[in-house]
Participant: 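What follows is a single structure, and I will ask about it in a moment.
What you see below is based on every heavy atom in this structure, not just the backbone, and it leaves out hydrogens, waters and symmetry mates. Chain letters run A, B, ... following the sequence lines, proteins first and then strands; every chain starts at 1.
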Number of protein chains: 2
Amino acid sequence: MAQTPSRALTRECIAAAALRVLEREGLAGLSMRKVAAEVGAQAASLYWHVRNKEEILDLLGDAVIADAELPPRTGDWREEYLEYGRRYRALLLAKRDAAKVVAGRLSTGPRVLAVLEDQLDRLRAAGFTDADAAMASYLLSAYVQGFVLQEQSPLSAAEAAGAGRGQAARAAGDVFRALPAEDYPNLVALADDLVDPDMDTRFEFGLQRIADGLAALLG
Amino acid sequence: MAQTPSRALTRECIAAAALRVLEREGLAGLSMRKVAAEVGAQAASLYWHVRNKEEILDLLGDAVIADAELPPRTGDWREEYLEYGRRYRALLLAKRDAAKVVAGRLSTGPRVLAVLEDQLDRLRAAGFTDADAAMASYLLSAYVQGFVLQEQSPLSAAEAAGAGRGQAARAAGDVFRALPAEDYPNLVALADDLVDPDMDTRFEFGLQRIADGLAALLG
DNA sequence: ACCTGAACACCGTTCAAGT
DNA sequence: ACCTGAACACCGTTCAAGT
């Protein structure tokens with residue numbers, strides 16, 4: 001199982017191996033020993049190329065963002081801003097536990113810089129002040145990361161235990177409906193509205209509100 | 001150090017102990033053995049009261065929310081919505097790593113239900129449809145959790161290593177300013193705007209945009 | 001310069017055994 | 001019913017030793 005010793009260990013190949021382990025075992029199952037085994041080495045060997053596990057997670061964060069693509073220029077800043085949000089979400093959903101990996105990690109990889117540069121360019125061209133453009137960009141990434149983080153984690157112990165998402169949602173609805181109506185009239189009345197909408201709908205709702213709020217700045 | 005054996009172990013006292021360990025050691029340092037030691041028992045004893053560590057984290061999530069208070073009724077739904085967001089952020093910032101604990105955990109504790117019930121009541125009274133009220137409530141919690149999550153995690157390896165937040169931010173600004181201006185004209189030009197604003201300002205910006213976007217629905 | 005073996009100080013969880 | 005001791009299968013990290 002050991003790699004041919006002529007092929008030296010590199011940070012790139014450690015990152016690729018870590019990505020495969022992440023996909024297979026999830027973030028909780030990602031250990032130095034498993035990453036080492038994936039490249040046919042001992043755990044201790046990794047420490048020659050990498051300071052610690054945290055640095056492997058940094059590499060992983062960069063790898064997740066690596067295939068980000070810029071949305072086409074339509075001339076409509078609002079549509080482009082929405083599209084940026086949708087693509088970022090899709091990118092995070094594409095890799096297992098990606099939102100958790102990226103969560104509070106600031107990457108200054110070339111891909112991230114290119115995306116940020118392009119985003120700021122479009123917002124300034126649309127007429128936003130420098131300060132507002134910078135804040136609007138930060139707002140988008142905070143919203144998307146927060147949203148996907150909730151989306152990727154099981155929404156209840158039941159779902160974690162293996163029940164399907166739909167089943168878990170129905171159970172949540174039952175909780176709301178079973179509440180005493182005199183104490184919780186709104187929860188009982190809105191049980192369906194709280195539980196039914198799927199994640200795409202929820203995401204889009206927030207994204208549209210944010211875009212509308214930004215548009216109001218251009219007044 | 002052992003507790004008097006007449007005082008039995010309960011889930012409540014386990015939760016309180018876990019909260020103290022969290023405050024002292026952070027989420028990464030929270031172990032079954034340390035929680036057990038905090039109540040003067042063996043780690044194995046906890047498993048009589050609790051299914052596993054995950055369930056302790058659930059208790060912790062409830063405990064974090066436990067002292068949530070409802071904002072005063074001003075008759076202005078927008079101001080009340082903003083205040084809800086600010087208070088939720090303050091609550092998460094008050095306990096160490098609280099955002100990470102709460103992150104993808106759905107709590108149905110009585111405090112959470114009371115808050116949700118009250119929030120929905122105000123939004124409906126303001127004229128939002130049932131569906132929009134439900135979505136607006138979800139949006140707020142997603143935004144606040146995502147924001148604080150980024151806020152509570154070190155924004156760079158430098159800060160994790162002990163440098164102050166201001167110092168780390170200045171270093172980030174230097175990164176932007178040092179980029180080649182022909183490749184990254186916007187990043188270079190907006191370096192200050194990207195780095196200078198403090199977290200309160202960033203949070204408020206997003207909150208105001210979201211409230212404005214919601215207001216547009218009432219049109 | 002790069003990698004390994006062995007060790008250290010931890011984990012979460014289980015389970016027979018005690019009271 | 002409730003708690004313990006001891007064990008199992010893991011962790012991240014260090015470090016002398018090998019090549």
Participant: Please determine whether a side-chain nitrogen of the Lys or Arg among A:Glu23 and A:Arg96 lies less than 4.0 Å from a carboxylate oxygen of the Asp or Glu.
Facilitator: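 Looking at A:Glu23 and A:Arg96, the cut-off is not met.
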Participant: Return the value, rounded to whole Å, for the distance between atom CD of A:Glu55 and atom P of D:dG12.
Facilitator: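 Whole-Å distance recorded here is 15 Å.
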Participant: Can a cation-pi geometry be assigned to A:Arg209 and A:Phe205, taking NZ or CZ under 6.0 Å from the six-membered ring centre and within 45° of the ring axis?
Facilitator: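 Yes, a cation-pi geometry holds between A:Arg209 and A:Phe205.
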Participant: Before you tell me yes or no, could you show the steps for A:Asn52 and A:Tyr47 under side-chain hydrogen bond (donor to acceptor under 3.5 Å, both in side chains), namely the whole-Å CA-CA distance, both residues' side-chain angles and the distance that decides it to 0.1 Å?
Facilitator: CA-CA 7 Å; A:Asn52 48 27; A:Tyr47 288 84; over 6 Å; no
Participant: As a test of your reading of the structure, name each stem of DNA chain D as range with range, where a stem is three or more consecutive Watson-Crick or G-U pairs at under 3.5 Å.
Facilitator: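 Stems for DNA chain D, defined as runs of 3 or more consecutive pairs: C:4-8 with D:12-16, C:12-16 with D:4-8.
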Participant: Would you call A:Glu83 and A:Arg87 a salt bridge, taking side-chain N to carboxylate O under 4.0 Å as the test?
Facilitator: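 A salt bridge links A:Glu83 with A:Arg87.
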Participant: Testing the basics here: between A:Leu46 and A:Met32, what is the closest heavy-atom pair and its distance to 0.1 Å?
Facilitator: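 Reported closest heavy-atom pair: CD1-O, 3.4 Å.
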Participant: Thinking salt bridges, do B:Arg86 and B:Glu204 make one under a 4.0 Å N-O criterion?
Facilitator: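 Judged by the 4.0 Å cut-off on N to carboxylate O distance, B:Arg86 and B:Glu204 do form a salt bridge.
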Participant: Could you check whether any side-chain heavy atom of B:Tyr81 comes within less than 4.5 Å of a side-chain heavy atom of B:Arg122, counting everything from C-beta outward?
Facilitator: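 B:Tyr81 does not reach B:Arg122 side chain to side chain.
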Participant: Mind checking whether B:Tyr138 and A:Phe203 have ring centres under 6.0 Å apart?
Facilitator: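 Between B:Tyr138 and A:Phe203, the centre distance exceeds or equals 6.0 Å.
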Participant: For DNA chain D, find the residues of residues 24-36 of chain A with a heavy-atom distance under 4.0 Å and give them by number; none if there aren't any.
Facilitator: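 Nucleic-acid contacts, sorted: A:Leu30, A:Ser31, A:Met32, A:Arg33, A:Lys34.
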Participant: Considering only NZ, NE, NH1 and NH2 on the basic side and carboxylate oxygens on the acidic side, decide whether B:Arg111 and B:Asp67 come within less than 4.0 Å.
Facilitator: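 No, this pair does not count.
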Participant: With a 4.0 Å cut-off on N to O distance, would you call B:Arg89 and B:Asp200 a salt bridge?
Facilitator: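 Yes, this pair counts.
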Participant: What parts of residues 42-52 of chain B reach DNA chain D, counting only heavy atoms under 4.0 Å away?
Facilitator: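 Those residues are B:Gln42, B:Ala44, B:Ser45, B:Trp48, B:His49.
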